[in-house]
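Source: prediction; values computed, not measured. Counting starts at 1 for both ligands and their atoms, in listed order.
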Amino acid sequence: MDSRTQPPTSVRTTCPYCGVGCGVSASADGVSPDSAHPANQGRLCVKGSALQETLVPSGRLLHPRVNGQDQDWPEALAAASGAIRQAIAEHGPGSVAFYLSGQLLTEDYYVANKLAKGFIGTPHVDTNSRLCMSSAVAAHKRAFGEDVVPGCYEDVELADLLVLSGSNAAWAHPVLYQRMKAAGRAGRRVVVIDPRRTATAELADLHLKLKPGTDSVLFNGLLVWLSDQDAVDRAYLANHCQGFEQALAAARQSAPDLAAVARHCDLPVDEVATFYRWFADTARTVTGFSQGINQSVAGTDKCNAIINCHLATGRVGQPGAGPFSLTGQPNAMGGREVGGLANTLAAHMDYDTPGARVRLAEFWGADRIPTGPGLKAVDLFDAVHRGEIKVLWIMGTNPAVSLPQAARVQDALARCPTVIVSDCVAETDTTVHANILLPAAGWGEKDGTVTNSERCISRQRSFLPLPGEVKPDWWILSAVARELGYGKAFGYQGPADIFREHAALSGVAARASGGHQRFDISALSALSNARYQQLEPVQWPVFQGPTGRLDGTRRLFSDGRFATADGRGRLIPVHTTAPGQQPTAAQPLVVNAGRIRDQWHTMTRTALAPRLLSHRPEPFIEVHPDDACALNLAEGDLGRLTGASGEAFVGRVRVTGDQRPGEVFVPIHWNDRYASRGKATALMQPVTDPVSGQPEGKHGVASLVPVACRWQARLLRRPGADWQPDRASPGGYWSRQPLSHSDSWWLAGQQPVDWAREADAWLGGAPQVLMDDPASGRFRAARIRDGRLLAVLLVEPVASELPDLAWLDQCFGAERLSKEQRHCLLAARAVDTEDVGALVCSCFQVGEHQIASAIRAGHTSVEALGRSLKCGSNCGSCIPELRGLLAQHAVSAAEVAS
Ligand code: SF4
């Protein structure tokens, strides 16, 4: 579609969040699941269900900005191209770098990669997908000869043994988890391998709560055990693989027997034995793995340790059997297809693929193809910090939050002479460093394709007009290319033109490989604009049948022929056994970081939907009860984690036996826009996997201390009020939680405050209603003008005494406060309203207290709670927590197991 045409009002499109890639029917009025999409088959999780609530104008970047001033596009394009041209002239093409995103559409990714590698001539094109699944990419290439996920989602349903390693699918891939759950049947077993008892562990027949970072030893041990029990497929190994003996010898070094594995992984021997026996006995075994495996200094080895066991048993690309990398991002795989990683070239060709540079130069009509790989994410930002990169163009991502040692990344951005940022959000931790800000189209406005975790290409279609001066990323990139004098190669009229070229290039690469390369969608290179618009989800490789029908491919390598030169799969010796960072006396705790159920990445979209911030409204630290006791921490206290670099994370303490002693968990989402010190990456060192370059994201070390607080407060103000918590309470804790009708902050501080004197500054003017009790430390005040509520401040000595704000937020929605509302303002609750407690079900806004009451009233199963309160009856994301509450409230095991 041309960017100037008006989009239709309702379309079938794809969810922009996780790698499951669910189909969505969307319009400006609402979203619903696309029942015809093969990924979700009529389901959506809570994030997908709330998409419509995120389509709000607040915070959008609507106009180009250069050095803080709004500019027209011609000036902005001239500024961007001028900076690039000058950097090339003065410092060479390698002084220009691109940092892309798995949120980009494939067409946008393709144009960025082509401009950088073909015409500017820089190899420095990396992406936030480096932080997500680059270890899986490297492992696929080592084992299979190509970055290929062999299986499909149906396999997790067909599997008789489902192993989930380093994957909290219930929260990170919720719809796929629902499919796993729905496929449960007599005899089907699930093994969850995770140091934490996550929501996913609720599905487990066996939960291996192993010591963090020891997964490769567990799978090395499995390889040894399979061999010793004569449970490997010798014929498959002989006919289709190489490297078994070397891999086995390496495995024996770290995992000679069950006892050694159990000791190393800190697991009971019988649990390890059970897992191994189940794996050996079950032909239909799928091992799903995700960020818990990938985000590690030994991520590639861990992935290969898993794949080794599947190759050794011949379980690759079979119905219900295979290793399965669950991709985090919506289009990480599309980015991999076009070559949007620093160590790849284009269309699954690498720099060392014979003839690739020449082929690509001919295809693109380009003469500046770099000779070797560029810098991977962490190294790239180090080069920015050293001043070697003069122009850095960041597209659709927030590295100032997501890369390790966030403060150093911010310092690097501040040092870079020209930072160009294309984004749809005006203010992020990264955009504040931009010299040139370019307004990019967001979900619902942009148009193109994405590829999900099972190689399924789906259309993401627009259904909203482009607001302000917003443009699609491919348009912005092509316009800069034209300014640089490369117009002939970038004369695209719309994404269909780009997709056809991308598809054609895949065919060039696949043919040149002599048939080894499986990524081939050249059958789609002749799609008309109309057929591109109507393109149905299809899994690559794609072939055209004799009738002209386009057929995808569900599984690959099913015949035992891999994408290597000799067609054999490779078992890889895995020697790595330990995580990079070890706890010390100064930093005695291991820090794990991950996603929460209702937020996505750095919250730029999900925080726009208030109900998505209700489930976990603040940054938090999950701590084992023993550690909490030893550190004098209680549930609801604030705690401060300090990492090896001295950077800190402050969050609300959650005491839970789901953690192992000596280990804590923090969420990855909060950032400087939403919390005073809430960046998990502040606790991670910039150490990387030697093969993939993926940084460690699951194994930091830190100390933990209570944050002494003299007071705790909630402040609500009308949205849009320019209130700076750092200015009001220097050095104090704050966390922002937008509500439906107001903006709210959690606040806490150690410094004494004379509330009666200083409340005006917090409320934006003198309060009209006030209650001050200095003896108890309680203070409440509200500011009202012309009957409208403008601000409320509630102060208590401890956070647990702060009320639920749902009722107060409703008061902000009133044009004029009623007499009763005014009367009850400082109580923060009408006389007859219930305190629902912490939110559990985001879809129907059902809180913990309501659920507890319903359980006590005899609703003692998930289904009964659903009938009574509706909780758990829509997206199902909260069902693991409902089960937890059922168990907690002393329901018998038989009743809970419904
Ligand atoms: S599972 Fe992932 S793709 Fe599907 S609706 Fe949820 S966030 Fe979107």
Side-chain angles (χ1 to χ4, degrees), residues 12-26 30-55 102-105 129 132-133 152-153 156-157 164 167-183 198-200 203 288 290-291 324-334 442-444 449-461 537 594-609 611-613 615-616 667-669 841-843 872 874-880:
R12 290 172 63 210
T13 182
T14 313
C15 174
Y17 295 124
C18 83
V20 179
C22 297
V24 175
S25 289
V31 300
S32 57
D34 177 358
S35 54
H37 197 287
N40 51 320
Q41 302 168 353
R43 302 172 173 93
L44 281 183
C45 78
V46 63
K47 292 189 287 289
S49 304
L51 270 168
Q52 207 268 334
E53 295 156 50
T54 69
L55 299 174
Q103 261 69 30
L104 294 175
L105 303 182
S129 300
C132 170
M133 41 63 300
C152 58
Y153 291 158
V156 304
E157 297 169 323
L164 292 169
S167 162
N168 183 9
W171 283 16
H173 299 95
V175 165
L176 189 58
Y177 174 80
Q178 287 173 35
R179 287 183 63 171
M180 295 170 189
K181 193 161 179 291
T198 62
T200 304
L203 197 60
S290 193
Q291 265 61 299
F324 204 123
S325 159
L326 303 177
T327 305
Q329 299 190 86
N331 197 30
M333 196 179 288
W443 184 79
T449 55
V450 290
T451 310
N452 71 6
S453 292
E454 60 165 355
R455 292 174 280 105
C456 184
I457 299 170
S458 295
R459 290 280 282 107
Q460 209 181 90
R461 298 180 173 95
R595 293 178 183 178
I596 61 172
R597 193 188 76 189
D598 293 1
Q599 287 300 314
W600 177 253
H601 279 197
T602 62
M603 307 166 75
T604 48
R605 179 179 291 280
T606 39
L608 297 172
R611 69 177 159 124
L612 295 183
L613 254 180
H615 180 238
R616 294 282 187 273
I668 62 167
H669 309 286
C841 171
S842 298
C843 294
N874 184 38
C875 76
S877 301
C878 64
I879 288 175

*State the atoms of ligand 1, each with its element, that fall below the 4.0 Å cut-off from a heavy-atom position in C15.*
3 (S), 5 (S), 7 (S), 8 (Fe)

*asked:* List ligand 1 atoms under 4.0 Å from G21, heavy atoms only on the residue side.
replied: 3 (S)

*Of all the atoms in ligand 1, which lie at a distance below 4.0 Å from a heavy atom belonging to Y17?*
7 (S)

*Any sub-3.5 Å donor-acceptor pair from W443's side-chain atoms to T14's backbone N or O?*
yes

*Angle class for the Y17/W600 ring planes (parallel below 30°, perpendicular above 60°, tilted otherwise)?*
tilted

*Run the numbers for me: atoms of ligand 1, each under 4.0 Å from some heavy atom of L44, listed by number.*
5 (S)

*For the residue pair H37 and S458, establish whether any side-chain heavy-atom pair is separated by less than 4.5 Å.*
yes

*asked:* Is there a side-chain contact between R179 and R43 in this structure, where contact means two heavy atoms from C-beta onward sitting under 4.5 Å apart?
replied: yes

*Does even one non-hydrogen atom of N40 get within less than 4.0 Å of ligand 1?*
no

*Are Q103 and P330 side-chain neighbours, meaning at least one heavy-atom pair lies under 4.5 Å?*
yes

*asked:* Within the 4.0 Å heavy-atom shell around V175, which atoms of ligand 1 are there?
replied: 1 (S), 4 (Fe)

*Specify whether an N/O/S atom of C18 falls short of 2.8 Å from atom 4 (Fe) of ligand 1.*
no

*asked:* A side-chain contact here means heavy atoms from C-beta on lying under 4.5 Å apart; do P38 and Y153 qualify?
replied: no

*asked:* Could you tell me if the side chain of P16 sits less than 4.5 Å from the side chain of V450, heavy atoms only?
replied: no

*Taking atom 6 (Fe) of ligand 1 as the reference point, the nearest protein heavy atom with its distance*: C45 SG, 2.3 Å

*Protein contact of atom 4 (Fe) of ligand 1 - nearest heavy atom, named by residue and atom, plus distance*: C22 SG, 2.3 Å

